[in-house]
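Below: one structure, written as structure tokens.
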Amino acid sequence: MSKLKEKLYKKIEEWRPRTTKLLKEYGDVKISDVTISQAIGGARSIKCLVTDISYLDPLEGIRFRGYTIPEVLEKLPKVPGCEMPYVEGHVYLLLTGDIPTKKEVEEVAEEFNKRQHVPQYVFDILRAMPRDTHPMTMFSTAILAMQRESLFVQQYNAGISKMDYWDSTYEDALNLLAKLPEIAAYIFRMKYRSDTIIPPDNKLDMGGNFAHMMGIDKPYDDVSRLYFILHSDHESGNVSAHTGHLIASALSDMYYSISGMINGLAGPLHGLANQEVLRWIQGVMDKMGGKIPTEEEMQKFVWDTLDSGQVVPGFGHAVLRKTDPRYMAQREFCLKHLPEDLIFKYVDILFKVVPPILEKQGKAKNPWPNVDAQSGVIQWYYGVKEYDFYTVLFGVGRAFGVAANIIWDRALGYPIERPKSVTTAMLEQMAVAKK
Ligand SMILES: CC(C)(COP(=O)(O)OP(=O)(O)OC[C@H]1O[C@@H](n2cnc3c(N)ncnc32)[C@H](O)[C@@H]1OP(=O)(O)O)[C@@H](O)C(=O)NCCC(=O)NCCS
């Protein structure tokens, strides 16, 4: 058993009695009420999911296993000679709740490297798809195609105990996660770089190897590490995380679950928003003839978007009520590495002008920028200008958090998810009865 798996097993054994006790002794304690607007309005804020991997405070933003983003970036061991930590160390943190030592991270990196080989049939399937297929469709298809590799399915069919479900789920997770960077880079180079594929270099860490396979020089390796870490998890209620959890709750395996969560991430109100941001900015740049708009000019573009009934991409959030710390982490990177970049300047003007406008309009509950407002700029600067691809990058990162959640779901024996629905007539009756 690898050191990481051993440690995870110990943590699971320690954790199980807590969940059992809560269920047995306090199962009736009420933690949330549900209103009609929540039932119609996307289950907003109803407390009905449990995760210990991350927690999203509306004002503070995300904490991974109790650590804020600046703490994660500071405390996780760094790749030698680089600014950013190992993605592998972040996976260790998400799974175990502990900050790994350098040696522990190197062991995980080694373990991922061993599992990296992508079966040829995955590439064959990608190549058989029309080249103009959206990269998210390709990514999801590639993951789904590997479902036949699932160890969980084999072991489930062999009749293993429920208590052991987490073990083969963990194996499936590591096997799949190790392959995602190569699949993503393959889609990128096949679609957008004249099919010039760069094979992996398994001497490199995950972020370094991804940059290598993308064919982009330093500091794109650090960009990749930062990007994958920041996008890994945002507690359980967002569409991608919840979709992954929901699918897995039917005991569908990791491949089904991660492919499904990628499809949720592909929506314009979720992960696709980062490509929308770039598309929106490009539209303004075209109108400005490449010049930097004044604040007044930018205000007009923002109002034009709102007046035509569209949302301003990259702003607002279902839970957050302040600037997303994932936005700030990327902003700091931009200030250090690309302060003079034209698109960054656009993004910075938007940071100034959009929140007061959204406040004035009075609809959005959160006028502040989210992660997507900043991430495309960095990719563009380092040559990834095909913004259709940005959500695939988000998907690679998000898979780490969703997989960690699913392993723990299995470890703690969370059951199949089944909220109750009501009819409109029932709501009307309940509403009248309360008046
Ligand atoms: C993220 C988002 C989907 C959250 O949705 P939500 O929880 O329903 O947000 P709110 O409760 O604040 O929405 C209330 C109203 O404000 C509007 N609103 C929210 N954010 C807005 C924005 N950025 N621009 C314009 N209007 C916005 C909503 O469309 C909604 O309008 P409606 O009442 O006419 O339907 C929403 O803020 C949005 O569409 N943002 C732009 C897309 C984006 O950046 N997505 C990435 C999220 S990480």
Side-chain angles (χ1 to χ4, degrees), residues 35-46 54 56-62 69 136 227 230-243 261-284 298-331 346-347 349-379 387-388 390-395 397-398 401-402:
T35 62
I36 288 182
S37 59
Q38 287 174 311
I40 295 177
R44 207 59 48 86
S45 305
I46 301 171
S54 67
L56 178 58
D57 181 86
L59 296 175
E60 189 191 48
I62 194 72
I69 285 174
M136 283 297 270
Y227 203 96
L230 291 184
H231 288 80
S232 61
D233 207 31
H234 220 218
E235 69 168 41
S236 284
N238 64 80
V239 170
S240 50
H242 189 202
T243 308
M261 81 84 182
I262 291 291
N263 300 341
L265 193 66
L269 295 186
H270 192 18
L272 208 75
N274 58 19
Q275 91 172 43
E276 296 295 314
V277 172
L278 250 284
R279 200 201 308 276
W280 191 93
I281 291 177
Q282 292 294 324
V284 175
M298 192 64 105
Q299 282 162 355
K300 188 178 172 323
F301 288 118
V302 173
W303 275 115
D304 286 350
T305 299
L306 292 175
D307 290 342
S308 65
Q310 295 168 59
V311 295
V312 182
F315 287 78
H317 199 270
V319 178
L320 277 169
R321 294 296 175 259
K322 70 157 232 183
T323 299
D324 192 335
R326 299 171 300 173
Y327 174 94
M328 292 311 278
Q330 294 185 98
R331 184 167 190 273
Y346 269 62
V347 169
I349 299 174
L350 286 168
F351 190 25
K352 284 200 196 108
V353 309
V354 175
I357 293 178
L358 287 179
E359 269 171 349
K360 191 162 177 206
Q361 195 207 25
K363 274 169 68 175
K365 295 192 189 68
N366 174 34
W368 302 104
N370 60 56
V371 64
D372 296 322
Q374 190 73 255
S375 44
V377 184
I378 305 182
Q379 296 297 332
Y387 44 71
D388 267 5
Y390 295 170
T391 318
V392 174
L393 298 168
F394 191 156
R398 181 52 54 93
V402 174

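Here the structure is a predicted model, which means the values were calculated and not measured. As the structure lists them, so they are numbered: ligands from 1, and atoms in each ligand from 1.
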Let me have the donor-acceptor pairs involving side chains of residues 262-273, under 3.5 Å, with sequence neighbours excluded, atom names and distances please.
residue	atom	partner	partner atom	Å
Asn263	OD1	Ser140	OG	2.7
His270	NE2	Ser240	N	3.2
His270	NE2	Ser240	OG	2.9

For this session: Carefully, step by step, assess Asn370 and Arg326 under the rule side-chain hydrogen bond (donor to acceptor under 3.5 Å, both in side chains).
Result: CA-CA 7 Å; Asn370 60 56; Arg326 299 171 300 173; over 6 Å; no
For this session: Check the pair Ser45 / Gln38 against side-chain contact (heavy atoms from CB on, under 4.5 Å), numbers first and verdict last.
Result: CA-CA 8 Å; Ser45 305; Gln38 287 174 311; 3.9 Å; yes
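Within 4.0 Å of ligand 1, counting heavy atoms only, the contacting residues are Arg44, Leu269, His270, Ala273, Leu306, Val311, Val312, Pro313, Gly314, Phe315, Gly316, His317, Ala318, Leu358, Lys363, Ala364, Lys365, Asn370, Asp372.
For Gln374, there are no side chain to side chain donor-acceptor pair (under 3.5 Å) partners at least two apart in sequence or on another chain. Phe351 pairs by the ring pair (Phe, Tyr, Trp, His ring centres under 6.0 Å) definition with Tyr327, not counting sequence neighbours.
Side chain of Arg321 to backbone of Pro58: no donor-acceptor contact under 3.5 angstrom is found.
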